[in-house]
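Computed over heavy atoms, backbone and side chain alike; hydrogens, waters and symmetry mates excluded. A quick note: this is a predicted structure, and the numbers were derived from the prediction, not measured.
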Amino acid sequence: MPRTLDIMEMQEPDYLATAIANKFVAWESARDRWYNNAKETLENLYATSTRDIFNQAKDTDNCTHIPKITQIRDMLITYYLDAMFSLPDYVDWEAYNEESLDINTKDTLKALMAQMLHDSQFQPTIRELVEDYVDYGNAFTTVAMVNETLKLESGVANVYNGPKAVRLDPLNVFFDPLAISFEKTPKIIRTIKTLGELVAEAEELPESAQVYKEALNRALEKRSRIRQAVSTTNAESIKNDICSIAGCGNWSQYYASDTVELLTFYGDLYVVEKNKLYKNSKIVVMDRCSVLLEEPIKNFGFNCNIFKAGWRDRKDNLWSMSPLDNIKGMQFMVDFLENKRADIFNYISNPMWVTKGDVEMPEYLYPGCHVGVDVDGDFKTISPDATALAADTYVDRYQMLMEEMAGTPREAMGFRTPGEKTAFEVSQLNTAASRLFNEKTRKFEMEILEPLLTLMMRMYLSDPTRVTRVKMMNEDGVILFKEVNVQDMAVQGRFIATGSNTYTERARQAQTIMQLYNSAIPSDQLVFNYFNPKVIAKVIAHTTGLDKYKDIIQPNARVDAELEMAKYQEFGRQQMEETQVRGITNAQQAIV
């Protein structure tokens, strides 16, 4: 009888690793519906034909895919980013108490944040999060301390040392979807690495991570023993081999590869077997059986320091909906009608023939060709009903509905709805159509951007020995570097995102100014004399973004410019007269 190998016995799983692995399996199963829906969305987004989409009809000769859902997706991402980052100053500091209201401290914190965001490549990360926000309806992020360096011939240059926003792939985030809130529920982040990547990262860790390195060595030794035992045992003699892990169908395939699965648990965990509570802890599990790290999570005012933004929140389910979920059915109808219409057109242009009796037809039909028909013979075409070609009307209708259902205003796309409108009516339509878009943009800022910026600053200031130089601009527009000690920045407050609100408010104010000047109010001098021209000039500069230019608003600047222009004109006239006089004098002297 062949020797039987039980993988579970060889793994000798730790009780803590077993508890986390069981939660992972349960939460993975609980999100199956969302996961399948997300895969379907990705199929529609990146399909080049209907053959690439699993649930599309395959009974048509044509397989054209009209990527309307992809266009809407790209458009939403572009508009969200433009609304949040179109203005150079899109964050502001909000103090919690009077001691944190100092204007110099506020300006220093804003300058420090701007420099931190620039050096850490913040906006590319936010773009990835906005893409997740639109594609999956869920965006996840956290902050990691990094020390980025660049190796040069002259030595090693420090690129950036500090907190950096990190995008978490929604497909690798797991939690209890029935919990009260995402902030309070524990999370598991799955990471897939190779053995080489795992060992290389461990070698770069400081000496303080010796406990982690020792645990990793023990886990690698256990993995080596299991791999050797599996390779020398018949597959039919392996017990407990069924498992779907890291893309492998069973444990044997997993241990035969160089792929490693890490499960990182964040939050509170109570282990019944040991009657022990792990409070606000970070626990790293390798191969679902070995614990590499168990440490408390640093408290920066946020639970687990992981944030989530959902496009449309569900009732009693933390997995949110995407703006593309409700329009995938219409995308199916667009492709279906388009391909059916194309098939019918093919049948009309290349019809089917019915012959009766002895009919001699040429191999290829062409205008003026000869067809031989017997006395009792006949031939005719079978053509489908041409009214089916009117499917274009329904295709256009579905495309229009898709844009509206996803919260994308048609006026913002560069298309004008039918009918003549006044300037006020156009402004009113744009404002009403953009309400959904503005609300979803603000939702992302509140759930992701604001806590993320606040966490980055708190982590940056948590090092009391840090001394940095901040680039600031004075009132004269001169850039200066100010040395800042983080101990002087020990204030209480948070950063708020003002990009979308400022963007919308400035657009509304600019429209109001234009409507005011296009109305009959300026013609009524008695009323218009009450408007302060200095204030109106400042409002115009603010709403158009021109206030960032120094001295663009000055009292009587046009009068000064006209006087200066008149002075130069007078000077030029005098120069011309003197030139003419000298020319006449020289001519007279030449004659004499």
Please report the closest heavy-atom contact between [X] and [Y], naming both atoms and the distance.
{"X": "Val291", "Y": "Ile283", "result": "CG1-CG2, 4.1 Å"}
{"X": "Val91", "Y": "Thr498", "result": "N-OG1, 3.8 Å"}
{"X": "Gly310", "Y": "Glu447", "result": "N-OE1, 3.1 Å"}
{"X": "Arg223", "Y": "Asp258", "result": "NH2-C, 4.3 Å"}
{"X": "Asn303", "Y": "Glu183", "result": "ND2-O, 2.9 Å"}
{"X": "Thr454", "Y": "Gly493", "result": "CG2-O, 4.2 Å"}

Between [X] and [Y], is any pair of side-chain heavy atoms under 4.5 Å apart?
{"X": "Leu117", "Y": "Leu453", "result": "yes"}
{"X": "Arg31", "Y": "Trp27", "result": "no"}
{"X": "Leu262", "Y": "Leu198", "result": "yes"}
{"X": "Pro186", "Y": "Asp176", "result": "no"}
{"X": "Met457", "Y": "Met116", "result": "yes"}
{"X": "Phe24", "Y": "Val285", "result": "no"}
{"X": "Ile126", "Y": "Phe85", "result": "yes"}
{"X": "Val25", "Y": "Arg288", "result": "yes"}

> When you look at Arg127 and Glu131, which way does the salt bridge (Lys or Arg N to Asp or Glu O under 4.0 Å) test go after all the steps?
Replying inline: CA-CA 6 Å; Arg127 180 177 182 85; Glu131 291 176 354; 3.5 Å; yes
Does [X] [atom1] have over 12 foreign heavy atoms under 6.0 Å away?
{"X": "Asn158", "atom1": "CG", "value": "yes"}
{"X": "Tyr35", "atom1": "OH", "value": "no"}
{"X": "Arg314", "atom1": "CZ", "value": "yes"}
{"X": "Lys23", "atom1": "NZ", "value": "no"}
{"X": "Met446", "atom1": "CE", "value": "no"}
{"X": "Ile180", "atom1": "CD1", "value": "no"}

Judged by atom type as modelled, is there a donor-acceptor pair below 3.5 Å linking the side chain of [X] to the main-chain atoms of [Y]?
{"X": "Asp14", "Y": "Leu16", "result": "yes"}
{"X": "Thr141", "Y": "Val166", "result": "yes"}
{"X": "Tyr278", "Y": "Glu294", "result": "no"}

> Is Asp92 salt-bridged to Lys106, going by a charged N under 4.0 Å from an acidic O?
Replying inline: yes
>> Closer than 4.0 angstrom, basic N to acidic O: yes or no for Glu221 and Arg218?
In response: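 Judged by the 4.0 Å cut-off on N to carboxylate O distance, Glu221 and Arg218 do not form a salt bridge.
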> Pick one: which of Asn44, Thr41, Thr78, Leu45 meets side-chain contact (heavy atoms from CB on, under 4.5 Å) with Arg73?
Replying inline: Leu45
> Ring centres of Tyr136 and Trp319 under 6.0 Å apart?
Replying inline: no
>> Is there a side-chain contact (heavy atoms from CB on, under 4.5 Å) between Thr259 and Ile192? Walk through the geometry before answering.
In response: CA-CA 7 Å; Thr259 303; Ile192 305 298; 3.5 Å; yes
> Looking at Phe182, Phe307, Tyr266, which one forms a ring-ring contact (aromatic ring centres under 6.0 Å, His included) with Phe140?
Replying inline: Phe182
Any donor-acceptor pair under 3.5 Å linking the side-chain atoms of [Y] with those of [X]?
{"X": "Asn37", "Y": "Lys328", "result": "yes"}
{"X": "Lys282", "Y": "Thr264", "result": "no"}
{"X": "Thr125", "Y": "Lys164", "result": "no"}

> Does NZ or CZ of Lys440 come closer than 6.0 Å to the centre of the six-membered ring of Trp311, within 45° of the ring's axis?
Replying inline: yes
>> Both conditions, 6.0 Å and 45 degrees, for the charged tip of Lys110 above the ring of Phe495: are they met here?
In response: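 That pair does not qualify as a cation-pi contact.
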> Can Arg442 and Glu439 be said to form a salt bridge (Lys or Arg N to Asp or Glu O under 4.0 Å), step by step?
Replying inline: CA-CA 5 Å; Arg442 184 59 189 150; Glu439 190 273 334; over 6 Å; no
